[in-house]
J.: 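Shown below is the structure under consideration.
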Amino acid sequence: MSSPDPLSPRLPSPLHEVRDGRFERRGLRLLLKRDDLIHPQLIGNKWRKLVPNIAAAEGRALVTFGGAYSNHLRATAAAGRLLGLPTTGVVRGQELADRPLNPSLARCAADGMRLHFVDRSTYRRKTDPETLAGILRAAGAQDAYVVPEGGSNAEAVRGCRALGTELRGLADVVAVACGTGGTLAGLAAGLSAGQRALGVPVLKGGFLEADVEALQERAFGARSGTWSLDDRFHCGGYARTTPELEAFAQDFEQLHGLPVERLYVAKLLFGLVALAEGNAFARGTTIAAVVTGRPFPESAAAAPER
């Protein structure tokens, strides 16, 4: 008898309707696409993006990139532990090497990930081939399969297309929080005609539209699906929150019994409520919000990255 697949997912992920007066008063329906329930350790879009990359690695060690509170680093480390694959995490911020590991990085290390810290200037240039080669040499990961920051590449985008196909015909607007844009790029391609995808960036900078388009071109050969971005809800940038966002997340948790992850999901839901209250959606619209993660203990919501 073959052993069970440690990455076996719960798919399609559940789709739940929630009753929320802020939407109902405007004739809107709110659905939650519970991608946080796909797998207990590769949460949400991390499963959808990592599994295609693990298949492409064909048993090789994995090396990837992220900040001190990266969900992606934790998911990659967990996958390595479950599959018996060596993993290396290249962490932004050389100054962190001499500090005690925060809970997120400690989880990575406990799962067997070797952490390699680089200065922020070098990290920003990590996609330059010469810089990347130098980072891999210094990390002892020259022969490893490289998974980009956030896991977003053509393989990941094609994997996330299934998220859109699971939602075909079930919502008019499908909204997702965006870091590197790979989930939005795949989601939009999987939806049917007449549906549109809305991305809510959690980083400031306004660069994501070009990135999402480039990801779609690499994955599918051209821009695909109907999608747009609204970058007004990042609350100051990645790993940054505000008292207003924290109060909103706590209220949403109490109203609906859903633990709200602060770095992505809270900003998505906060943005959707603001858009609904601003009459951005026509009456009769059904909105599906993709829950891409769940809270991590002592996460960056409590200790923002600087």
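Everything numeric in this text was worked out from a predicted model, so none of it was measured.
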J.: Kindly write out the residues that satisfy side-chain contact (heavy atoms from CB on, under 4.5 Å) with A266, not counting sequence neighbours, or none if the list is empty.
T.: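 In terms of side-chain contact (heavy atoms from CB on, under 4.5 Å), with neighbours along the sequence ignored, A266 is linked to L245, A249, V260, R262.
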J.: Could you pull out all residues at least two apart from R137 that satisfy salt bridge (Lys or Arg N to Asp or Glu O under 4.0 Å)?
T.: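 For R137, no residue satisfies salt bridge (Lys or Arg N to Asp or Glu O under 4.0 Å) once neighbours in sequence are set aside.
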J.: Check G93 against F117 and note the closest heavy-atom contact, atom names and distance.
T.: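 Where G93 meets F117 most closely, the heavy atoms are O-CD2, 3.7 Å.
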J.: I want to check something: taking the side chain as every heavy atom from C-beta on, are Y264 and L268 in contact at a cut-off of under 4.5 Å?
T.: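 Result no, sub-4.5 Å side-chain heavy-atom pair not found.
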J.: Is any side-chain heavy atom of T76 less than 4.5 Å from a side-chain heavy atom of V147?
T.: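 A side-chain contact is absent here, since even the closest heavy-atom pair is not under 4.5 Å.
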J.: Looking at every heavy atom in both G236 and K204, which two are closest together, and how far apart are they?
T.: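 Here G236 and K204 meet closest at O-CE, 3.5 Å.
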J.: I'd like to know whether CD of Q142 has more than 12 heavy-atom contacts from other residues, nucleotides or ligands below 6.0 angstrom.
T.: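 Buried by this count: over 12 neighbours within 6.0 Å.
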J.: With sequence neighbours excluded, what pairs up with D119 under the side-chain contact (heavy atoms from CB on, under 4.5 Å) test?
T.: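 Here the qualifying residues are Q94, S121, T122.
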J.: For residues 26-39, run the donor-acceptor check on the side chains, cut-off 3.5 Å, and write out each pair with its distance to 0.1 Å, sequence neighbours left out.
T.:
unit_1, atom_1, unit_2, atom_2, d
R26, NE, A276, O, 3.1
R26, NH1, R22, O, 3.1
R29, NE, E17, OE2, 3.2
R29, NH1, T286, OG1, 3.4
R29, NH2, E17, OE1, 3.0
K33, NZ, S13, O, 2.9
K33, NZ, S13, OG, 3.1
K33, NZ, E166, OE1, 2.8
R34, NE, D36, OD1, 2.8
R34, NE, D36, OD2, 3.3
R34, NH2, D36, OD2, 2.8
D35, OD1, S13, OG, 2.6
D35, OD1, R48, NH2, 2.9
D35, OD2, R48, NE, 2.7
D35, OD2, R48, NH2, 3.4
H39, ND1, Q41, N, 3.0
H39, ND1, L42, N, 3.1
H39, NE2, P6, O, 2.8

J.: Could you tell me if T131 and D128 have a donor-acceptor pair between their side chains, going purely by distance under 3.5 Å?
T.: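 Judged by distance alone, the side chains do pair up.
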J.: Could you walk me through whether L105 and Y69 pass the side chain to side chain contact (heavy atoms under 4.5 Å, CB included) check?
T.: CA-CA 7 Å; L105 293 177; Y69 295 97; over 6 Å; no
J.: Report the residues that fulfil ring-ring contact (aromatic ring centres under 6.0 Å, His included) with F270, sequence neighbours left out, ordered by chain and then residue number.
T.: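 Per chain and number, F270 pairs via ring-ring contact (aromatic ring centres under 6.0 Å, His included) with F248.
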J.: In Å, rounded to the nearest 0.5 Å, how long is the span from CD1 of I43 to CG of L50?
T.: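 Separation between the atoms: 11.5 Å.
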J.: Hydrophobic cluster mates of Y123, side-chain heavy atoms under 4.5 angstrom, ILVMFWY only, any path?
T.: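 V63, F65, V90, V118, L132, I135, L136, V146, all in the cluster of Y123.
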J.: Answer whether the closest heavy-atom distance between the side chains of L163 and V174 falls below 4.5 Å.
T.: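 No, too far: nothing below the 4.5 Å cut-off.
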J.: Partners of L229 by side-chain contact (heavy atoms from CB on, under 4.5 Å), sequence neighbours excluded?
T.: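 Partners of L229 by the side-chain contact (heavy atoms from CB on, under 4.5 Å) criterion, ordered by chain and then number, come out as C178, L184, P201, L208, E209, W227.
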J.: Given side chains that start at C-beta, do those of V200 and V176 come closer than 4.5 Å, heavy atoms only?
T.: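 No, their side chains stay 4.5 Å or more apart.
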J.: One pair to check against salt bridge (Lys or Arg N to Asp or Glu O under 4.0 Å): E155 and K49. What are the steps and the verdict?
T.: CA-CA 7 Å; E155 287 78 15; K49 296 200 291 189; over 6 Å; no
J.: S152 and L215: which non-hydrogen atoms are nearest, and at how many Å?
T.: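 Heavy-atom minimum between the residues: O-CD2, 3.9 Å.
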J.: Using the rule that Ile, Leu, Val, Met, Phe, Trp and Tyr join whenever any side-chain heavy atoms are under 4.5 Å apart, tell me whether I287 and F233 fall into a single cluster.
T.: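 Yes, it is one cluster - the side chains of I287 and F233 are joined through contacts under 4.5 Å.
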J.: When you measure from the side chain of N102 to the backbone of A68, do you find a donor-acceptor pair of N or O atoms at a distance under 3.5 Å?
T.: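 Here the side-chain-to-backbone pair exists.
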J.: Measuring from L263:CG to T241:OG1, what's the distance to the nearest 0.5 Å?
T.: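 Atom-to-atom, L263:CG and T241:OG1 are 8.0 Å apart.
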J.: What are the two closest non-hydrogen atoms of C160 and G182, and how far apart are they?
T.: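 Looking at all heavy atoms of both residues, the shortest contact is CB-O, 4.1 Å.
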J.: Take K126 and R92 through the side chain to side chain contact (heavy atoms under 4.5 Å, CB included) test and state the conclusion after the steps.
T.: CA-CA 10 Å; K126 63 187 177 299; R92 179 178 64 247; over 6 Å; no
J.: Taking only residues two or more places apart in sequence, or in another chain, which ones meet H256 in a ring-ring contact (aromatic ring centres under 6.0 Å, His included)?
T.: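 Expected list: F252.
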J.: Do L85 and W47 sit in the same hydrophobic cluster, where Ile, Leu, Val, Met, Phe, Trp and Tyr count as joined when their side-chain heavy atoms come under 4.5 Å apart?
T.: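 Looking at the clustering, W47 is in the same group as L85.
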J.: Okay, side chain of Q216, backbone of S224: is any donor-acceptor separation there less than 3.5 Å?
T.: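 Yes, because the side chain of Q216 sits within donor-acceptor range (under 3.5 Å) of the backbone of S224.
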J.: Salt bridge or not for R125 and E130, using N-O below 4.0 Å?
T.: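 Salt bridge: no.
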J.: Please give me the minimum heavy-atom distance between G179 and V202, naming the atom from each residue.
T.: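 In this case the closest contact between G179 and V202 is CA-CG2, 4.3 Å.
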J.: Do you know the tightest heavy-atom contact between G159 and P52?
T.: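 For G159 and P52, the tightest heavy-atom pair comes out as CA-CG, 4.0 Å.
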J.: Side-chain contact test, heavy atoms from C-beta onward, threshold under 4.5 Å: evaluate it for R161 versus F220 and give yes or no.
T.: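 Counting from C-beta outward, R161 and F220 do come under 4.5 Å.
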J.: Any donor and acceptor pair, going by atom type alone, linking the side chain of E261 with main-chain N or O of G293 inside 3.5 Å?
T.: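 No; zero donor-acceptor contacts below 3.5 Å.
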J.: I'd like to know if the side chain of T285 reaches the main chain of A282, judged simply by a donor and an acceptor atom lying under 3.5 Å from each other, with no hydrogens or angles considered.
T.: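 Yes, the answer is positive, given that a donor and an acceptor are paired below the 3.5 Å cut-off.
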J.: Report yes if the side chains of V18 and F23 come closer than 4.5 Å at any heavy-atom pair, otherwise no.
T.: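 No, too far: nothing below the 4.5 Å cut-off.
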J.: Strictly distance-based, threshold 3.5 Å: is any side-chain N or O of R158 a donor or acceptor partner for the main-chain N or O of G186?
T.: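 Flag not set: sc R158 to bb G186 has no pair under 3.5 Å.
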J.: For T64 and H72, which I'm curious about, is there any donor-acceptor pair between the side chains at under 3.5 Å?
T.: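 Yes.
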J.: Are L62 and V51 connected into the same hydrophobic cluster when the rule is that any two of I, L, V, M, F, W, Y join if their side-chain heavy atoms are below 4.5 Å apart?
T.: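 Linked within one cluster.
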J.: So, does D111 use its side chain to make a donor-acceptor pair with the main chain of M113 at under 3.5 Å?
T.: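 It does not hold such a pair.
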J.: Applying salt bridge (charged side-chain N to carboxylate O under 4.0 Å, His left out) as the test, list every pair that has at least one member in residues 51-74; sequence neighbours left out.
T.: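 For residues 51-74: none.
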J.: Taking only residues two or more places apart in sequence, or in another chain, which ones meet D172 in a side chain to side chain donor-acceptor pair (under 3.5 Å)?
T.: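 With neighbours one apart ignored, the set is empty.
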J.: Please tell me whether V290 and L15 are part of a single hydrophobic cluster in this structure, the criterion being side-chain heavy atoms less than 4.5 Å apart.
T.: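 V290 clusters together with L15.
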J.: Pairs in or reaching into residues 265-294: which pass salt bridge (charged side-chain N to carboxylate O under 4.0 Å, His left out), with residues at least two apart or in two chains?
T.: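 Sorted pair list comes back empty.
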J.: Would a 4.5 Å heavy-atom cut-off, applied to side chains only, mark L272 and L198 as touching?
T.: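 Of all side-chain heavy-atom pairs linking L198 with L272, at least one is under 4.5 Å.
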J.: Mind checking what makes side-chain contact (heavy atoms from CB on, under 4.5 Å) contact with R196, not counting sequence neighbours?
T.: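 With neighbours one apart ignored, the set is V173, T226, S228, F281.
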J.: Side chain to side chain contact (heavy atoms under 4.5 Å, CB included) for L82 and L7? Distances and angles first, verdict last.
T.: CA-CA 8 Å; L82 291 168; L7 299 187; 3.8 Å; yes
J.: Can you measure from CZ (F207) to CG (D231) and round to the nearest 0.5 angstrom?
T.: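 Between atom CZ of F207 and atom CG of D231 there are 10.0 Å.
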J.: Go through the side-chain N and O atoms of Q250 and Q254 and say whether any donor and acceptor fall under 3.5 Å apart.
T.: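 There is no such pair (donor and acceptor under 3.5 Å, judged by atom type) between the side chains of Q250 and Q254.
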J.: Heavy-atom distance under 4.5 Å between the side chains of S104 and L73, does that happen here?
T.: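 In short, these two side chains do not touch, never coming nearer than 4.5 Å.
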